[in-house]
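Comments concern the structure below.
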Amino acid sequence: MKLNCNQKQAVEFVTGPCLILAGAGSGKTRVIIEKISYLINQRGYLPQHIAAITFTNKAAREIKERVMQTTQQKKISRLIISTFHALGLEFIKQEYESLKIKPHFSLLNTYDQFFILKKITTKYFKNNNVLVKNLTSMISHWKNNLVNPIQAMQLSQSQRDKLFAHCYDLYNKHTQTFNILDFDDLILLPTLLLDKNKTIQKKWQDYIRYLLVDEYQDTNISQYKLIKLLVGTRAHFTVVGDDDQSIYSWRGAQPQNLVLLKNDFPSLKVIKLEENYRSSKRILKVANILISNNSHMFKKKLFSTLEYGEVLKVITAIDEDQESERVIQELITHRLIKKTSYSDYAILYRGNYQSKAFEKVLVKYKIPYKITNNISFFLRSEIRNLLAYIRILTNPDDDISFLRIINIPKRAIGLTTIKKLDMFSKNINKSLYHTSLDLKLYQHFNSKGMRSLQNFIYWLSNIVKLAKHKPILAIRTLIQEIQYEKWIVKTAINTNIATMQINNINILLNWIIDMLLGNKVDQAITLDQVVERITLHNVVENSKSTEEQDQVQLMTLHASKGLEFPHVFLVGMEEGLLPHQNSINNNNIDEERRLAYVGITRAKKTLIFSLCQQRRQYGQFIESEPSRFLLELPQDDLIWKALIH
DNA sequence: CTTACTACAGTTTTT
DNA sequence: CTGTAGTAAG
């Protein structure tokens with residue numbers, strides 16, 4: 001297929017700052033890919049001087065694969081296609097000396113971060129999870145806004161915020177002494193260093209000569225600053241974004257960055273991609289009318305050359321049981337008449353918990369389905385434990401991982417022993433691992449628990465030594481000697497769960513060993529790199545097999561961004577759900593409207609809404625009203641199906 | 001040190 | 001209503 005006029009213009013404008021406003025389904029990924037090959041083939045850029053930055057590993061992978069199809073493989077081997085965070089990590093690894101970081105730092109995931117904050121703030125918050133969560137997001141917010149602890153203290157008005165700023169300081173000191181970084185640091189540290197150090201800035205600007213950024217509307221302040229520092233005054237870059245699909249403001253995304261771009265780069269060329277290749281005219285009309293209720297920084301109106309399409313249906317139900325029943329009935333009938341596949345259908349909802357009612361009905365009718373929930377593979381307890389062991393092999397000083405596995409499986413090291421160890425480690429200022437190796441500890445304390453600890457650390461340190469030269473043998477020995485499978489069978493609620501957990505562990509182990517051996521990948525990598533990949537990427541990405549099965553797709557609206565389906569059910573169209581009650585309270589309806597817009601624009605051929613009159617919430621029924629978004633749509637294009645009692 | 005009970009909170013979540 | 005995390009008793 002040929003590029004349309006605007007797409008062609010977007011590809012070929014490479015001499016200055018460029019903003020591509022790409023509406024839903026307008027072929028933006030294709031433009032990015034074409035632009036990369038245009039830069040290489042027509043403009044003489046060397047691949048190693050081009051960087052394309054995305055938010056997700058999935059998007060990065062897609063671009064990589066598609067560039068590979070259009071360009072010769074050897075040409076693009078050094079092309080930089082990565083996420084913001086992976087690029088930041090690469091930067092930190094190269095510049096760790098200037099950042100005053102030891103080379104063997106470990107990366108924290110959100111769980112470990114929460115755990116650390118909980119631990120260091122117990123005396124203030126007494127394990128109040130809500131407060132710790134608030135603190136976690138506050139610190140993240142500060143970091144994303146390039147605010148250090150001192151500035152945070154100055155900015156804080158309330159007593160609570162001052163305490164939070166103090167905790168931020170404690171947390172920073174903690175991460176510095178233990179040589180750990182969190183996700184936000186991967187952006188923050190490179191940004192601060194590039195800003196301060198002109199030599200390094202020049203070096204990186206010479207390295208990355210053309211920058212492309214995908215999903216630009218999702219960038220936060222520090223990411224935008226990073227972009228500016230990387231492109232410098234040369235300003236050879238392209239950002240691609242759509243303000244109507246900005247649905248991550250609660251994570252710090254600033255759609256205003258689109259406007260800032262115009263101010264910071266007056267010569268900015270703005271190119272709009274408004275031709276939609278996905279949806280029927282009717283679906284686009286409805287989407288355009290809905291989103292016109294939001295204020296806009298750039299005017300944009302999607303159009304389609306496809307047929308007008310079927311009328312949109314609205315299914316009303318008494319409660320969520322009937323809602324799911326009627327939606328699935330509709331799906332079954334539609335599939336029989338149109339002879340479609342199950343995988344042509346998607347059920348989209350606001351909150352993960354809404355999937356339950358649908359799952360029940362799908363099971364009842366024996367319909368294959370796939371729920372994409374974001375409870376990552378890595379958050380499963382059996383995986384977290386195993387990972388903690390593997391992290392200890394690469395960085396024994398990782399106290400969080402050490403604490404997690406110290407008594408898993410049970411080896412008679414209890415709370416009292418751990419408390420003594422913790423105290424002692426603070427006195428001699430060493431990590432828990434190294435404190436446990438210190439014979440002085442056992443001269444001070446002599447208890448059953450301490451003797452268990454001494455045995456454990458003797459065993460563990462040998463595995464750690466082994467891992468330095470023979471990581472695969474070390475991992476195999478480890479799994480065998482802790483008898484992890486046995487422990488799982490013992491602790492699991494039932495045998496089904498145990499089998500699943502053992503299966504999960506084997507998936508992870510096989511993946512790690514494949515990586516270490518270099519199977520299935522171009523190059524074998526070290527155990528350090530394996531751990532890094534696991535924290536930053538998602539291993540599950542390897543298991544493609546499920547994607548190709550014929551299954552009805554269920555997911556949240558957030559998770560559906562970037563995808564498309566022939567037939568879409570947008571369920572739970574009620575006030576309080578979409579828009580969500582919290583967003584109504586915070587007067588953040590615009591983002592909820594964009595969420596609805598994202599949902600609508602996923603549909604290619606048919607779109608069906610559903611809602612309930614009453615919905616169970618925490619056990620009791622609450623009355624609900626149709627979402628205001630349904631009422632904003634042109635009613636000529638909707639059919640409200642009668643309620644069945 | 002382990003097990004069992006109670007209290008409580010409960011959107012979205014790219015890395 | 002559900003799942004989880006922290007505490008109190010075994």
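Every chain is numbered from 1 and lettered A, B, ... according to where its sequence line falls, protein lines coming before strand lines.
With centroids closer than 5.5 Å and planes inclined by less than 30 degrees as the test, A:His85 and the base of B:dT15 fail to qualify as a stacked pair. Between A:Tyr618 and B:dG10, a base-stacking contact is recorded: ring centres under 5.5 Å apart, planes less than 30° from parallel.
Among C:dA5, B:dT14, B:dT11, the nucleotide with an atom closest to any side-chain atom of A:His580 is B:dT11. Distances were taken from every side-chain heavy atom of A:Trp250 (C-beta onward) to each of B:dT14, B:dT12, B:dG10; the shortest belongs to B:dT12. Listed nucleotides B:dT15, C:dA5, B:dT11 differ in distance to A:Asn129; the shortest reach to its side chain belongs to C:dA5. Listed nucleotides C:dA5, B:dT11, B:dT13 differ in distance to A:Glu592; the shortest reach to its side chain belongs to B:dT11. When distances are taken from the side chain of A:Asn57 to each of B:dT15, B:dT11, B:dT12, the shortest belongs to B:dT15.
If you measure from atom CD of A:Gln617 to atom P of C:dC1, you get 14 Å, rounded to the nearest angstrom. Going from atom CD1 of A:Ile247 over to atom P of B:dT11 covers 17 Å, rounded to whole Å. For the pair A:Gln614 CD and C:dC1 P, the computed distance is 16 Å after rounding to whole Å. Protein atom CZ of A:Phe183 is 8 Å distant from nucleotide atom P of B:dT15, rounded to whole Å. Remark: P of B:dT14 and CG of A:Asn144 are 15 Å apart, rounded to the nearest angstrom. For the pair A:Phe621 CZ and C:dC1 C1', the computed distance is 12 Å after rounding to whole Å. With rounding to whole Å, A:Lys360 atom NZ is found 13 Å from C:dC1 atom P. Summarising the geometry, the separation between NZ on A:Lys561 and C1' on B:dT13 is reported as 12 Å, rounded to the nearest angstrom.
Between A:Tyr168 and A:Trp142, the ring planes lie parallel to each other; the angle is under 30°, not in the 30° to 60° tilted range. A:Phe84 and A:Phe55 have tilted rings, their planes meeting at an angle from 30° to 60° on a 0 to 90° scale.
Among the protein residues, A:Thr219 comes within range of no part of the nucleic acid, since none of its heavy atoms lies under 4.0 Å from any strand. Residue-level contact check: A:Phe84 touches neither bases nor backbone, having no heavy atom under 4.0 Å from any strand. At a threshold of 4.0 angstrom between heavy atoms, the contacts of A:Gln113 with the nucleic acid are absent. Counting any heavy atom pair closer than 4.0 Å across all strands shown, A:Ser583 reaches a base atom. Base engagement by A:Asp218 is indicated by at least one non-hydrogen atom pair under 4.0 Å involving a base atom.
Electrostatic pairing of A:Lys561 and A:Asp218 counts as a salt bridge here, judged by a charged N lying under 4.0 Å from a carboxylate O. In summary, A:Glu359 and A:Lys356 do not engage in a salt bridge, as defined by a charged side-chain N under 4.0 Å from a carboxylate O.
Comparing A:Arg251 and A:Gly449 by the nucleotide of DNA chain B whose heavy atom lies nearest to each, the residue mapping closer to the 5' end is A:Gly449. When each of A:Tyr353 and A:Asp184 is assigned the nucleotide of DNA chain B bearing its nearest heavy atom, the one mapping closer to the 5' terminus is A:Tyr353.
Between the P atoms of C:dT4 and B:dT11, the separation comes to 14 Å (whole Å).
A:Asn352 has no side-chain polar atom (N or O) that falls below the 4.0 Å cut-off from OP1 or OP2 of B:dG10.
Checked by atom type, the side-chain pair A:Gln217/A:Glu215 shows a donor-acceptor distance below 3.5 Å.
If you look at A:Phe164 and A:Phe125, their ring centroids are closer than 6.0 Å.
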